[in-house]
Amino acid sequence: MAANALDELAWRGMVYASMDGVSDLLANQKVTVYNGFDATADSLHIGHMVPLIALARLQRFGHHPIAVAGGGTTMIGDPSGKSAERNLMTQDAIEYNVECIKKQLSHFLDFDLKSNPARLVNNADWLLKLNLVEFLRDVGKHFTVNYMLAKDSVRTRLEREEGLSFTEFTYMLMQSYDFLHLYDTLGCQLQTGGSDQWGNITAGAELIRRMRGGQAYGLVYPLITKADGTKFGKTESGAVWLSAERTSPYAFYQFWMNTDDRDVVNYLKVFTFLTQERIEELASSVVERPEAREAQRVLAREMTATMHGDTALERAEAATQVLFGGEISGLGAAEIAEIFADVPSSALPKSQFEGEGTPLVDVLVSSGLSKSKGDARRSLGEGGIYLNNRRAADANVTLNDVIDGQFVVLRKGRKNYALIKVQ
RNA sequence: GGGCGGUUACCCAAGUGGCCAAAGGGGACUGACUGUAAAUCAGUUGGCAGAAGCCUUCGGAGGUUCGAAUCCUUCACCGCCCA
């Protein structure tokens, strides 16, 4: 670990911009620092992990982290980085989301630490009480419209046809007020966020200076980029979530496992707590033995264990072994059920497999792997269909193919699986 | 309100009476190669049957014709120009 927190974040490539004085601040005192998390969904996704892990790093350096759940600001919608007006959410939905997010934060932040425990606050607690006239007089007074219009987040939206609503325009004031409130009540001096938050953060620091004559600071993280130019955190099936209900531990593990060689070292720096020496070791393994995928495996292990625990990690790894070419024949029904838990499944009555059995083509269609019988025949002709992980020809599926009288495992191509439950 | 142009498969886009289940590109899928990578090469990409063949599809509805994505009528939507 580097001598001070900013150096640590810097070598990990996590400092996109910081206000003058942040370095001294973090080096010389234990700072109270906050980062906001919006509450638009009942789970955080991988995109939220950069600020979250950065907050956890700061905690390890003895600083006091605060996670602010945006129960209040989510009702408004941040225009930063958004191309269109956000749908407004009901208060109940947001409250439920805040509850769920709280649990996820605790995987990274230590809320029970004696010296500098993490805290979670909900900005709905103070924002919803605000009185409009007071707010305009006390906070609005300190901002000129000119200043607000000059911010990137506002300007880019103004250049678009749709414009932005007054509600969204005021988002910056709400976030500034959050910072002021935390400065007043918890002595918070530093706010962090993604690089798109720079405008909102500096506005808050400005408000603190004007209203309290105090010094507050901002630090923003870079956007995570991918070497192939696509957006980080998305797969074909959508965003990668932290909750096991939305993204299974196996899928989560696989997401990290599939990291591009060109990105993996960067991710190790940003997302894991591994030491510089260890990361350099892994970096050279990427160069020397890329086929071993050691860096990807370590990354996937670290992330999955932190988020979902050791048991979930073991299961994900066991499933990985089988799902990537492993032999199925030795496995029993219980193991199959567990390994293929994430795989789309469908049920067929046992009678279908008795005697003559059912043509494989029909089973493929009912499993959803093929969209029509013609499609299924085509795939079979291409040699792309595997029955219980062995390349199959067009034939009937009989009881001999049913594992333990319960399951048939179908695969199309390298990794499209379907599980048939025989009942 | 007037004039013109457009609407084709997942997307873009050719096709102006039969040789059209419909060119080409993208995407996607499969195979070979491989490292669960990238690149490359090959194949597939409406349904039923899989030998021939049959059925459904070119914005919707109706019509002309032996025969329509293609011609006519009408409706809907989109774009551009004029009021």
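Proteins get letters first, then strands, A, B, ... in listed order; numbering begins at 1 in each. Just so it is clear, the values below take in all heavy atoms, side chains as well, and ignore hydrogens, waters and symmetry mates.
- Across all strands, A/R289 comes closer than 4.0 Å to no nucleic acid atom at all (heavy-atom distances).
- Between the side chains of A/Q191 and A/Q175, at least one donor N or O sits under 3.5 Å from an acceptor N or O.
- Using a 4.0 Å heavy-atom distance criterion, A/F255 is classed as making no nucleic acid contact.
- Between A/F179 and A/Y34, the ring center distance clears the sub-6.0 Å criterion.
- Here the CG-CG distance, from A/L223 to A/D196, works out to 7.5 Å after rounding to the nearest 0.5 Å.
- In this model, the phosphate group of B/A32 is approached by a side-chain N or O of A/R391 to a distance below 4.0 Å at OP1 or OP2.
- Across the strands present, B/U7 finds its partner in B/A76; the criterion is a Watson-Crick or G-U wobble pair with both atom distances under 3.5 angstrom.
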Next item on the list: Report the C-alpha distance between A/F271 and A/W256 in whole Å, list the side-chain angles of each, state the deciding distance to 0.1 Å, and finish with yes or no for ring pair (Phe, Tyr, Trp, His ring centres under 6.0 Å).
Entry: CA-CA 11 Å; A/F271 294 105; A/W256 297 105; 5.0 Å; yes
Give every pair of a protein N or O atom and an N or O atom of nucleotides 35-39 of chain B that lie under 3.5 Å apart, one pair per line with the distance.
residue, atom, partner, partner atom, Å
B/G35, O4', A/E291, O, 3.4
B/G35, N1, A/D261, OD2, 2.6
B/G35, N2, A/D261, OD1, 2.5
B/G35, N2, A/D261, OD2, 3.2
B/G35, N2, A/R293, NH1, 3.0
B/G35, N3, A/R293, NH1, 3.4
B/U36, O2', A/N258, OD1, 3.2
B/U36, O2, A/Q254, OE1, 2.9
B/U36, O2, A/N258, OD1, 3.2
B/U36, N3, A/Q254, OE1, 2.9
B/U36, N3, A/Q254, NE2, 3.3
B/U36, O4, A/Q254, NE2, 3.4

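- The cationic atom of A/R57 (NZ for Lys, CZ for Arg) lies less than 6.0 Å from the six-membered ring centre of A/F273 and within 45° of the ring axis.
- The partner of B/A23, taking Watson-Crick or G-U wobble pairs whose two distances both stay under 3.5 Å, does not exist in any strand shown.
- One atom, CG of A/D375, and another, P of B/G43, lie 19 Å apart when rounded to the nearest Å.
- Using a 4.0 Å heavy-atom distance criterion, A/G374 is classed as a base contact.
- Whole-Å rounding puts the A/Y417 OH to B/C29 P distance at 16 Å.
- OP1 or OP2 of B/G47 sits under 4.0 Å from a side-chain N or O of A/S372.
- A/T259 and A/Q296 share no donor-acceptor pair across their side chains, judged by distance under 3.5 Å alone.
- Atom P of nucleotide B/U45 and atom CZ of A/R377 are separated by 14 Å, given to the nearest angstrom.
- Both distances falling under 3.5 Å, in either a Watson-Crick or a G-U wobble arrangement, occur for no nucleotide opposite B/A13.
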